[in-house]
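Order of the sequence lines sets the chain letters (A, B, ...), proteins ahead of strands, with each chain counted from 1.
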Amino acid sequence: MHLNHNAEALDKIRHSLSHILAWAVRVHFKEQPIRLGIGPTTEEGFYYDFETEKPISNSDLKSLESLMRKLVAKNLPFERSSMTISHAIEYFTQQDALLKVELIEDLRERGETEVSIYTVGDFLDLCAGPHVENTKEIPIKGFSLDRVAGAYWRGNEKNQMLSRVYGLAFPSHEALEAYRKQREDAEKYDHRKIGKEQDLFVISKEVGKGLPLLTAKGATIRRVLERYIVDEELERGYQHVNTPVLGRKSLYVTSGHWEHYKDSIYPPLDIDGEEFILRPMTCPHHFMLFDSKPHSYRDLPIRYAEVSPMYRRERSGELSGLVRVMGFHLFDAHLFVTPEQVEKEIKDVVVLIQDVIKRLGLADQVWYRLSLRDDTKEKYIDMPTRWQEAEAILRKVADELALNYVEGVGHAAFYGPKLDIQMRTIGGKEETLFTNQIDFASAERFDLKYMASDNTTARPIIIHRSSAGCIERTIAFLLEHYRGALPTWLAPVQVALLPVNDRNNAYAEEIHQLLRKHKLRIEVDSRKESLNQKIRQARLQRIPYLVVIGDKEQEGRTVTVRNRDSGIQQSMPCETFVERLTAENENGTLMLEIARSE
RNA sequence: GCCGACGUAGCUCAAUUGGCAGAGCAACGGAUUUGUAAUCCGUAGGUUAGGGGUUCGAUUCCCCUCGUCGGCUCCA
């Protein structure tokens, strides 16, 4: 109750600050006409959009901010009043506030007859409120202007671009500083930084932006993930197949992707007069595998899985590290099922996903989104009852498995609703980690069929699903979540062997070979460096276990082990170490005693 | 793609109003044989992202291209 009250109060403060910002912009740029867009609150503050002759730049922020402080310090009341719609349109038209007029006209269409207006000082704005009663409620050191960015009017890229000024606002100066500190810390664990520090991947301008190159270490993480997922899927009745990244454009015309997805597909390659494209998804290839022979209902479900390479065209400003790339690999599958099987198969898919995210240690990090279509948009195929059926199944399964899900209207695929697995990057941005879809349409388009038990021809329902997203994005998320310290089974180097002295090198090598036989990943640091130096560097590389090998160990045929996070060390016979490490590597659990000291 | 910011040695960062481009770490050479987060000394390293312009003189000012970052749009 108290918390809610505080949240409401903070929201009023932020909202009020957006008005103050708009007022300050008016005053600051008084020589040029400014049209106001909208000014809502955000999770960490507020923003306001402005249409200006010249875009607002970062250098304006400082003076805008101090101007805002002066305005706030005047202890002015926020006063609410109302206008009839027609009066408001007349008034704002006269003020040349055409963006506001557009908003008011929308309100009129929705049947409103009056609009509310808030005035602070001599600044008047159309606004639903609520606001603080007086600017003295605003903590004068609790806010600051953060950055400027471009934003399309009403979020539509066909509209003009406005200047958006973002501000931070918190209940106190301390809270603002705490937020800044948190953001600074998060930067340290950005996967792009970790990737560089730990030598996991490289983005080369020469190869091309959005086309990351994995180093041996990065490739190791990928290989381990891949082996784990593939084994897991094989165990659950998936067939792993391989299909090419190139395919005839006509396949994608048939699937509807060409029509709906053209902007994300690279221009076709002309090969002997035939048009081929780099595939943006795998579906048609798997469909053709399915279609290569007749099927009986007894064969279903058929589950084709693949770690699929695919390419999607992105506009340059959208690329980001491993999270947003032009070429990537999806843990992909298409399930061909009968109507009776859909529910169970979807459920099994979700159970698989739950197992996977648990193994990856992400169970508390991700959430589900039931992505539904937006009736007002045209991009969705027009089969209303099919949509309802698919949605009902997803909802039922989500409820039965007690998934914690939100609904996302307008996030569906064009051919069906999705169950998405969502996460947040360390920078706070929400991303889809992966997605599952029920597809009632494609079988029809590709004339896919099976013989039903009643001797009629039937259409399979297709489930598009991913068990662990695309490798690149999943690795990025893992790196950020674990702050670069991947669990042992995923770590590219699991053990650093650190001989104290030259004369311990042979024994270190012996242990190295022993561990290698057990498929463990080892690095031996036999450089002529101090032990301190070797430990420091192994820790910076976040190698899970550091094993010191000196005369004592050599004599007793033991090893002295410590983990990367604690200084606590423990000596044990090398056989014991191998046993424990092998167990940890295989099932993802932690070594007992040492793990506890973490 | 659009708006804004940024691009200096392999990495992290300096360089006064336009006046000889520098440090730490890494690399390399030498010494040190080290017991739980940096041993010491030395050497080398640059078309200041690329191209053009202004200027006696440009890392610094202007323009273009490329790339990076934050947003918008799109999206796995």
Looking for any heavy atom pair under 4.0 Å, which part of the strands does [X] touch: base, sugar-phosphate only, or nothing?
{"X": "G550(A)", "value": "base"}
{"X": "G155(A)", "value": "sugar-phosphate"}
{"X": "D551(A)", "value": "base"}
{"X": "E314(A)", "value": "base"}
{"X": "N58(A)", "value": "sugar-phosphate"}

State yes or no: are the ring centers of Y48(A) and F50(A) separated by less than 6.0 Å?
->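 Centroid separation for Y48(A) and F50(A): below 6.0 Å.
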In B/S/- notation, 5' to 3', how is nucleotides 36-43 of chain B contacted by protein heavy atoms closer than 4.0 Å?
-> BBBB----
In the 5'-to-3' direction, what one-character label does each nucleotide of nucleotides 64-69 of chain B receive under the scheme B = base within less than 4.0 Å of a protein heavy atom, S = sugar-phosphate only, - = no such atom?
-> --BSSS
Between CG of L419(A) and CG of L403(A), what distance do you get to the nearest 0.5 Å?
->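 Separation between the atoms: 6.5 Å.
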Just checking, is any N or O donor in the side chain of [X] or [Y] under 3.5 Å from an acceptor N or O on the other one?
{"X": "N501(A)", "Y": "D551(A)", "value": "no"}
{"X": "Q541(A)", "Y": "Q198(A)", "value": "no"}
{"X": "S571(A)", "Y": "T560(A)", "value": "yes"}
{"X": "S144(A)", "Y": "E65(A)", "value": "no"}

On the six-membered ring of [Y], is [X] placed so that its NZ or CZ lies under 6.0 angstrom from the centre and within 45° of the ring axis?
{"X": "R14(A)", "Y": "F170(A)", "value": "yes"}
{"X": "R359(A)", "Y": "Y228(A)", "value": "yes"}
{"X": "R483(A)", "Y": "Y189(A)", "value": "yes"}

Given the [atom1] atoms of [N] and [M], what is the spacing between them in whole Å?
{"N": "rG51(B)", "M": "rU59(B)", "atom1": "P", "result": "12 Å"}
{"N": "rA26(B)", "M": "rG19(B)", "atom1": "P", "result": "33 Å"}
{"N": "rG42(B)", "M": "rG57(B)", "atom1": "C1'", "result": "35 Å"}
{"N": "rU16(B)", "M": "rU60(B)", "atom1": "C1'", "result": "11 Å"}
{"N": "rC28(B)", "M": "rG7(B)", "atom1": "C1'", "result": "28 Å"}
{"N": "rA38(B)", "M": "rG24(B)", "atom1": "C1'", "result": "12 Å"}

Ring of F328(A) versus six-membered ring of rA76(B): centres under 5.5 Å and planes under 30°?
->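 Yes, F328(A) stacks on the base of rA76(B).
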Give the rounded distance in Å between these two atoms: [atom1] of [X] and [atom2] of [N].
{"X": "E431(A)", "N": "rG70(B)", "atom1": "CD", "atom2": "P", "result": "11 Å"}
{"X": "D374(A)", "N": "rC75(B)", "atom1": "CG", "atom2": "P", "result": "12 Å"}
{"X": "L162(A)", "N": "rU73(B)", "atom1": "CG", "atom2": "P", "result": "12 Å"}
{"X": "N159(A)", "N": "rC74(B)", "atom1": "CG", "atom2": "P", "result": "12 Å"}
{"X": "H411(A)", "N": "rC75(B)", "atom1": "NE2", "atom2": "P", "result": "9 Å"}
{"X": "R315(A)", "N": "rG1(B)", "atom1": "CZ", "atom2": "C1'", "result": "5 Å"}

Kindly point out which of [options] is positioned nearest to the side chain of [X]?
{"X": "R147(A)", "options": "rC74(B), rC2(B), rG70(B)", "answer": "rG70(B)"}
{"X": "S57(A)", "options": "rC74(B), rA76(B), rA5(B)", "answer": "rA5(B)"}
{"X": "Y152(A)", "options": "rU34(B), rC75(B), rU73(B)", "answer": "rU73(B)"}
{"X": "A149(A)", "options": "rU33(B), rG1(B), rG71(B)", "answer": "rG71(B)"}

Got a donor-acceptor contact below 3.5 angstrom from the S466(A) side chain to the F331(A) backbone?
->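 Yes, S466(A) side chain to F331(A) backbone: donor-acceptor pair under 3.5 Å.
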Please list every stem that involves RNA chain B, where a stem is a run of 3 or more consecutive Watson-Crick or G-U wobble pairs with both pairing distances under 3.5 Å.
->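 Only these stems qualify: B:1-7 with B:66-72, B:10-13 with B:22-25, B:27-31 with B:39-43, B:49-53 with B:61-65.
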Classify the angle between the aromatic ring planes of Y252(A) and H285(A) as parallel (below 30°), tilted (30 to 60°) or perpendicular (above 60°).
->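 Ring orientation of Y252(A) relative to H285(A): tilted.
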If the plane angle is over 60° it's perpendicular, under 30° parallel, otherwise tilted; pick one for H260(A) and F414(A).
->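 The rings of H260(A) and F414(A) lie parallel, inter-plane angle below 30°.
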Pick one: which of E51(A), E102(A), Q160(A) meets side chain to side chain donor-acceptor pair (under 3.5 Å) with W153(A)?
->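 Considering E51(A), E102(A), Q160(A), a side chain to side chain donor-acceptor pair (under 3.5 Å) with W153(A) is found only for E102(A).
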Ignoring hydrogens and angles, are the base of rA76(B) and the side chain of Q422(A) linked by a donor-acceptor pair under 3.5 Å?
->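 It does not, because no donor-acceptor pair links the side chain of Q422(A) to the base of rA76(B) below 3.5 Å.
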Answer yes or no: does a side-chain N or O of K418(A) lie under 4.0 Å from OP1 or OP2 of rA76(B)?
->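 Looking at the OP1 and OP2 atoms of rA76(B), one of them is under 4.0 Å from a side-chain N or O of K418(A).
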